[in-house]
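What follows is a set of notes on a single structure, which appears directly below.
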Amino acid sequence: MIKILNVPVSSLSMQETVNYIQERLQKQQKTFVVTANAEIIMMAQNDSAYLELLRQADIVTPDGAGVVWAAKHLGSPVPERVAGYDMFHQLLLLAAKTQKKVYFFGGKQGIAEQAADKAKVLYPGLVIAGCRNGYFQETENETIINDINSSGAEMLFAALGAPKQEFWLDENKEKLQANLLMGIGGSFDVLSGQTTRAPLWMQKEGMEWLYRLMKEPYRFKRMASTLPKFVLKILAKSSNDCN
Ligand code: UDP
C-alpha cells in the first residue's frame with residue numbers, strides 16, 4: 001500500500017485484487033472497493049468526508065495513468081493499473097464461477113438491464129438478481145435498499161459516478177446485505193454499448209483519459225482544473241521528501 005496525497009492506494013495487481021476480494025467474499029466479510037483515479041484523489045483533497053471515506057474503504061485501487069505515475073514518482077511503484085471497468089469484468093467472471101448473484105444499480109433508465117443482458121452472454125451462468133437506474137430521490141432510498149436486499153445479491157455494483165456512488169454505498173453500508181460494494185462509474189454505459197472505451201493501445205500507453213476527453217468534451221473543464229494540480233502536488237511532495 002502506498003499513500004498518495006493521504007489516500008491509501010493498494011499495490012496489488014489486478015489478479016491479486018480479485019483474489020483478495022474472493023477470499024473476503026468466501027469469509028462473508030463486507031468489502032467496500034473504490035477504484036481511484038487522479039480526479040478522485042483530488043476531490044478528496046477538498047472534501048474531508050470523502051477523504052475519510054477513502055481511508056476507511058477496504059481497498060482503493062490505482063485506476064488511471066495519473067495514479068500509476070504518482071506511485072512511481074513517490075518511490076513505491078504499483079505493479080499495474082487496476083481499472084474499475086476491467087475489475088468489474090473480472091468480478092463478473094468470478095460471480096459466474098462461484099454462483100454469486102449480482103445487482104446492477106445505476107445509469108439512465110434501462111441501461112443497467114442492457115448491460116445485464118450483455119453480461120449474461122459474456123459470462124454464462126451469471127445470475128443478475130436485479131437492476132435499477134441511478135436516478136432517484138432521497139425518499140426512495142429505503143425502497144432501493146429493500147429491493148437490493150430482497151434480490152439476494154451478494155455483489156452490488158453501483159454506477160452513479162464519483163463521488164456519489166461512494167457516498168451512497170458508504171452511507172448505506174450497514175443496511176446493505178451484499179458483501180461486495182463497489183462503485184463503477186460509467187461501466188454500464190460501456191458494457192451496454194452506449195459508449196465506447198479507448199482502443200487497447202491507448203489504454204496501454206496510459207492515454208485513456210485523452211480518449212475520454214475527445215469523446216466527452218464536457219469533461220475538459222473538470223480535468224483541466226484537477227489534473228495539472230494533481231501533478232504539481234505530487235511533484236511538490238516528492239521534492240519535499242528528497243529534502
Ligand atoms: N449516474 C446515475 N445517477 C446520477 C448521476 C449519474 O446513475 O445521479 C450515472 C450516469 O448515467 C453514468 C454514470 O453514473 O452512467 C457516471 O458515469 P461517468 O463516466 O461520468 O462516471 P465518473 O467518471 O464520473 O465516475
Side-chain angles (χ1 to χ4, degrees), residues 7 9 32-47 50-51 53-54 57 60-68 81-89 91-92 102-119 128 130-141 143-145 147-148 156-172 176 181-198 202-203 206-227 230:
V7 175
V9 176
F32 180 29
V33 181
V34 180
T35 65
N37 57 19
E39 280 186 41
I40 287 183
I41 292 180
M42 284 308 284
M43 273 184 224
Q45 306 307 301
N46 304 316
D47 182 340
Y50 197 41
L51 180 62
L53 177 155
L54 295 178
V60 178
T61 74
D63 180 357
V67 179
V68 171
R81 178 181 175 204
V82 181
Y85 187 70
D86 298 326
M87 193 154 54
F88 173 45
H89 275 275
L91 293 173
L92 290 178
V102 304
Y103 193 104
F104 284 6
F105 173 38
K108 297 205 177 83
Q109 179 67 38
I111 298 296
E113 286 81 356
Q114 285 179 34
D117 288 343
K118 287 270 167 66
I128 314 267
C131 295
R132 117 127 245 170
N133 71 70
Y135 294 85
F136 56 94
Q137 304 293 324
E138 186 84 27
T139 51
E140 293 174 88
N141 252 351
T143 316
I144 296 173
I145 294 168
D147 188 53
I148 295 169
L156 170 62
F157 296 102
L160 310 173
K164 186 173 179 178
Q165 59 203 12
E166 284 82 26
F167 279 124
W168 192 89
L169 289 170
D170 188 58
E171 269 158 28
N172 298 303
L176 289 162
L181 309 174
M182 177 173 166
I184 54 167
S187 294
F188 298 153
D189 297 326
V190 180
L191 183 56
S192 67
Q194 290 290 309
T195 52
T196 48
R197 227 186 144 191
M202 278 186 112
Q203 290 181 38
M207 285 163 62
E208 190 161 21
W209 60 274
L210 182 61
Y211 181 84
R212 289 198 83 177
L213 202 53
M214 290 184 323
K215 295 272 293 187
E216 300 162 344
Y218 65 85
R219 289 182 182 276
F220 187 77
K221 215 167 136 203
R222 205 170 93 182
M223 272 192 198
S225 64
T226 53
L227 294 184
F230 176 75

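Heavy-atom basis, side chains included; hydrogens, waters and symmetry copies ignored. In listed order, ligands and their atoms are each counted from 1.
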Checklist outcome for this item: Contact region, Arg212 to ligand 1, non-hydrogen atoms below 4.0 Å, reads side chain
Item to check | ligand 1 N/O within reach of Gly134 N/O, cut-off under 3.5 Å | outcome: yes
Next on the checklist: Out of Ile184, Ile40, Leu160, who is nearest to atom 5 (C) of ligand 1 when you count heavy atoms only?
Outcome noted: Leu160
Next on the checklist: My understanding is that only one of Thr35, Asp63, Asn37, Thr61 makes a side chain to side chain donor-acceptor pair (under 3.5 Å) with Arg81; could you say which?
Outcome noted: Asp63
Next on the checklist: Which heavy atom of Gly183 sits nearest to which heavy atom of Leu169, and what is that distance?
Outcome noted: N-CD1, 3.7 Å
Next on the checklist: Give me the nearest non-hydrogen protein atom to atom 13 (C) of ligand 1 as residue plus atom name, then the distance to 0.1 Å.
Outcome noted: Gly185 O, 3.6 Å
Checklist entry - Looking at atom 24 (O) of ligand 1, what's its closest protein heavy atom, distance included? => result Arg222 NH2, 3.5 Å
Next on the checklist: More than 12 heavy atoms of other residues, nucleotides or ligands under 6.0 Å from NZ of Lys164: yes or no?
Outcome noted: yes
Next on the checklist: Students should be able to answer this: which protein heavy-atom is nearest to atom 25 (O) of ligand 1, and at what distance?
Outcome noted: Ala162 N, 3.0 Å
Item to check | Shortest protein heavy-atom distance from atom 7 (O) of ligand 1, along with the residue and atom involved | outcome: Gly107 N, 2.8 Å
Checklist entry - Relative to the heavy atoms of Lys108, which atoms of ligand 1 are at a distance of less than 4.0 Å? => result 11 (O)
Item to check | Short side-chain to backbone donor-acceptor contact, Gln203 and Ala198, under 3.5 Å | outcome: yes
Next on the checklist: How far is atom 1 (N) of ligand 1 from the closest protein heavy atom, and which atom is that?
Outcome noted: Tyr135 OH, 3.3 Å
Checklist entry - For ligand 1, does Arg219 get within less than 4.0 Å through its side chain, its backbone, both, or neither, judged by non-hydrogen atoms? => result side chain
Checklist entry - Could you walk me through whether Tyr135 and Lys108 pass the side chain to side chain contact (heavy atoms under 4.5 Å, CB included) check? => result CA-CA 7 Å; Tyr135 294 85; Lys108 297 205 177 83; 3.9 Å; yes
Next on the checklist: side chain to side chain contact (heavy atoms under 4.5 Å, CB included) for Phe104 and Ile111? Distances and angles first, verdict last.
Outcome noted: CA-CA 10 Å; Phe104 284 6; Ile111 298 296; over 6 Å; no
Next on the checklist: Can you report which non-hydrogen protein atom sits closest to atom 9 (C) of ligand 1, along with the distance?
Outcome noted: Ala159 O, 3.4 Å
Next on the checklist: To the nearest 0.5 Å, what is the distance between CG on Leu91 and CE on Met182?
Outcome noted: 5.5 Å
Checklist entry - Counting each atom of ligand 1 from 1 as listed, which ones have a heavy atom of Gly186 under 4.0 Å away? => result 17 (O), 18 (P), 19 (O), 21 (O)
Checklist entry - For ligand 1, does Lys164 get within less than 4.0 Å through its side chain, its backbone, both, or neither, judged by non-hydrogen atoms? => result side chain
Checklist entry - Relative to each other, are the rings of Trp168 and Phe136 parallel, tilted or perpendicular (30° and 60° limits)? => result perpendicular
Checklist entry - What atoms in ligand 1 come closer than 4.0 Å to a heavy atom of Asp189? => result 12 (C), 15 (O)
Next on the checklist: Could you go through Asp86 and Arg197, starting from their C-alpha distance and side-chain angles, then the distance that decides it, and tell me whether this counts as side chain to side chain contact (heavy atoms under 4.5 Å, CB included)?
Outcome noted: CA-CA 11 Å; Asp86 298 326; Arg197 227 186 144 191; 2.7 Å; yes
Next on the checklist: To the closest 0.5 Å, what do you measure between CG (Asn172) and CD1 (Ile145)?
Outcome noted: 3.5 Å
Checklist outcome for this item: For Gly106, the ligand 1 atoms with a heavy-atom partner under 4.0 Å come out as 7 (O)
